[in-house]
Amino acid sequence: MNQTIEKGKTLLVDGPASVSVISGKVEVFGFVLGNMRKVIVREGNRLPFVVKETATFDSSVGEDANIEEVNGNTIPTSWVKAYEELSKPEVKPFTVMVIGPVDSGKTSFCTFLINKLLIKRQKVAILDGDLGQSDVGPPCTVSYTFVTKPIIDLFDLKARNVFFVGSTSPSRVINKVIEGLALLKQEILSNNPDYVIINTDGWVKGEDAVNYKVQLIEKFNPDIIFFIQQKDELASLLNATEKFRKVMVHSPSVIKQRSKEKRRRLRELAYIKYLRNAKVRSIPLSWVKIEDELIGLGWNRGNIRQAKKIHELLGMIPLHLAEMEDRICIVIGKRRWINPENIKKVEEITGKKVVVVHKGEEEGLLMALYDSERKFLGMGSLRELDYRRKIMKLYTPVSEKISMVTLGRIKLDENLKETQIFMEENHLDFTMFENLF
Ligand SMILES: Nc1ncnc2c1ncn2[C@@H]1O[C@H](COP(=O)(O)OP(=O)(O)O)[C@@H](O)[C@H]1O
Ligand SMILES: [Mg+2]
């Protein structure tokens, strides 16, 4: 479909669609599009094609896509002013943090800043701290890369390194998110950037969220913080961060809010991207270092005498037993059963909660794979743990030597949709939080 749009208007395109500019001058998030360049708008994404000089577009749309012409430029003028604040940095590297609620335009604002800085030939790193709606790395991770060319969609970037957190929401894993971001920031700094742009997740409401964001801000000590909001969603956070340099920017009014389901669907598309061309691999458990806080695979049996005692109390020898700091994880056969009375006895004697997992329940757990230098190799999904033969089967596109695996708290079904994990009954409040993202 061809259409001509006058200067001063914006073409809003909701994907899946592809759009080419045949003639005229058009910008997307500060990126000037060359003529005949084809832009893919992903499902669930909306891109504003801002017409600077009357332009003709050729577009084709997929199911549920939409194209709409609106008056004016949908990039708020406060975004342009924000860039001006950055253009004369007092220090190098200059650290920028972007904070705002879910669907406020954080990613788009980062894209806009990056494109503007690239025009000035600055060396820009993006550090992506959003676990649920990650742009640079896979879902459940924090990641970074250097952006060397103007970009329309940060999702098209390839991460330089990734730190797997294993959850879609930060609420229960705050320390891990901060640890990962700090590690990646160190890597960025060793590459001598002019700007480091840190994007964050949209968890900003409530005391815990505010505390978390304050912790992030204090840890990374940004030279400037951009707060994106429509009304006063960030009021308490603003009060709590008085000593930092802050600039308010507007959340564009044309943003279409994504439902919880839509956000899940977007993650599903990302899992598909990161597990494309995957194959099943078998790895002996003894060949890899395992980080796992669910089943306790990385934990050795510890005190053998204690393990024996637990077996006796249980009246059986489980496939796997891990005594962790706060609980004991026991894996038993698919159709096996343990008398609850016996479990109670173990809990009384050890003072720890016993979690029973049936073999097979591990299937689908999301995992990250690393090399011996802890460089991220890619994602995988656990197929099977063979406790007797001590072999792990996983589904992954990674073909390199794997030295370390980290298991997450997210489980994918065969269509790469997120499903319930075992033990969720013990983490009801956690599940409720997950639903927010
Ligand atoms: N200025 C804008 N004009 C039109 N659409 C926009 C604009 N800013 C953001 N969007 C679209 O709104 C949606 C949400 O924005 P996004 O940047 O992903 O928000 P966040 O990162 O805060 O969740 C995206 O599809 C994005 O492309
Ligand atoms: Mg985002």
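As the structure lists them, so they are numbered: ligands from 1, and atoms in each ligand from 1. Computed over heavy atoms, backbone and side chain alike; hydrogens, waters and symmetry mates excluded.
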Can you tell me which residue among L11, L47, L12 is in a side-chain contact (heavy atoms from CB on, under 4.5 Å) with T74?
L12
Is a salt bridge present between D194 and K123, judged by a nitrogen-to-oxygen distance below 4.0 Å?
no
Of all residues at least two apart in sequence or in a different chain, which pass the salt bridge (Lys or Arg N to Asp or Glu O under 4.0 Å) check with E384?
K359, K393
Can a donor-acceptor pair be found between the side chains of S169 and S167 at a distance below 3.5 Å?
no
Applying a heavy-atom distance cut-off of 4.0 Å, which protein residues contact ligand 1?
L12, F29, N45, R46, P48, T74, I75, W79, P101, D103, S104, G105, K106, T107, S108, P252, V254, I255, R258
Taking both backbone and side chain into account, is any N, O or S atom of T107 nearer than 2.8 Å to the Mg ion (ligand 2)?
yes
Apply side-chain contact (heavy atoms from CB on, under 4.5 Å) to R245 and list each qualifying residue two or more places apart in sequence or on a separate chain.
E85, E90, F94, I224
Listed by chain and number, what are the salt bridge (Lys or Arg N to Asp or Glu O under 4.0 Å) partners of E268, not counting sequence neighbours?
R265, K417
